[in-house]
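When a residue number appears, it is its place in the shown sequence, counting from 1. The analysis underlying the following values was restricted to heavy atoms, covering all of them including side chains, and did not include hydrogens, waters or symmetry mates.
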Amino acid sequence: VQLQASGGGLVQAGGSRRLSCASSKGTFGLYALGWFRQAPGREREFVSAIDWNGRRTASAESVRGRFTISRDNAKNMVYLQMNSLKPEDTASYYCAAESYYRGASMVPTYWGQGTQVTVSS
């Protein structure tokens with residue numbers, strides 16, 4: 001599965017941003033999808049995951065209530081709507097996929113390239 005993330009940029013604290021991730025693979029709908037992020041000097045961390053049909057989602061406590069993951073299998077897309085952004089959300093965001101839904105314990109098999117989100121205070 002090839003994943004292409006987009007939508008990053010500079011946003012003020014309190015603002016919103018939507019990240020998108022596209023895949024050209026026809027079996028996209030069979031995969032659990034997720035978002036991870038990595039800030040400079042820190043390890044990559046789980047942000048959010050969604051199962052193959054969108055009925056189950058999981059999010060890290062740090063983003064719960066502010067970020068929403070969704071998917072559109074007809075378009076081979078997964079999204080991360082980020083609201084009430086904080087400076088500590090500044091990171092490179094990566095979309096990811098694996099064959100099984102494990103919620104917050106996601107272990108990606110496939111990774112997209114990162115898209116940078118910078119939140120200014």
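- Applying the salt bridge (charged side-chain N to carboxylate O under 4.0 Å, His left out) test to pairs two or more places apart or on separate chains, none has a residue in residues 105-121.
- At least one donor-acceptor pair closer than 3.5 Å links the side chain of Q113 to the backbone N or O of A5.
- Among residue pairs with one or both ends in residues 44-93, those qualifying as ring pair (Phe, Tyr, Trp, His ring centres under 6.0 Å) are F36-F46; sequence neighbours excluded.
- When the ring-ring contact (aromatic ring centres under 6.0 Å, His included) test is applied to Y100, no partner is found at least two apart in sequence or on another chain.
- Nearest heavy-atom pair, S23 versus L3, reported as atom, atom and distance to 0.1 Å: CB-CD2, 3.8 Å.
- Partners of R44 according to the salt bridge (charged side-chain N to carboxylate O under 4.0 Å, His left out) rule, which considers only residues two or more places apart in sequence or in another chain, do not exist here.
- Under the rule for a salt bridge (charged side-chain N to carboxylate O under 4.0 Å, His left out), the partners of R102 that lie at least two apart in sequence or sit in another chain are E98.
- Listed by chain and residue number, T90, S92, T118 satisfy the side chain to side chain contact (heavy atoms under 4.5 Å, CB included) test with Q116 (two or more places apart in sequence, or in another chain).
- For residues 7-18, the side chain to side chain donor-acceptor pair (under 3.5 Å) pairs, not counting sequence neighbours, are S16-N83.
- Listed by first then second residue, pairs satisfying disulfide (SG to SG under 2.5 Å) with a partner in residues 64-105 read C21-C95, not counting sequence neighbours.
- In this structure, the salt bridge (charged side-chain N to carboxylate O under 4.0 Å, His left out) partners of R66, at least two apart in sequence or on a different chain, are D89.
- Listed by chain and residue number, S48 satisfy the side-chain hydrogen bond (donor to acceptor under 3.5 Å, both in side chains) test with S59 (two or more places apart in sequence, or in another chain).
- Each disulfide (SG to SG under 2.5 Å) pair with one or both residues in residues 37-71, not counting sequence neighbours, would appear here, but there are none.
- Under the rule for a salt bridge (charged side-chain N to carboxylate O under 4.0 Å, His left out), the partners of E45 that lie at least two apart in sequence or sit in another chain are R37.
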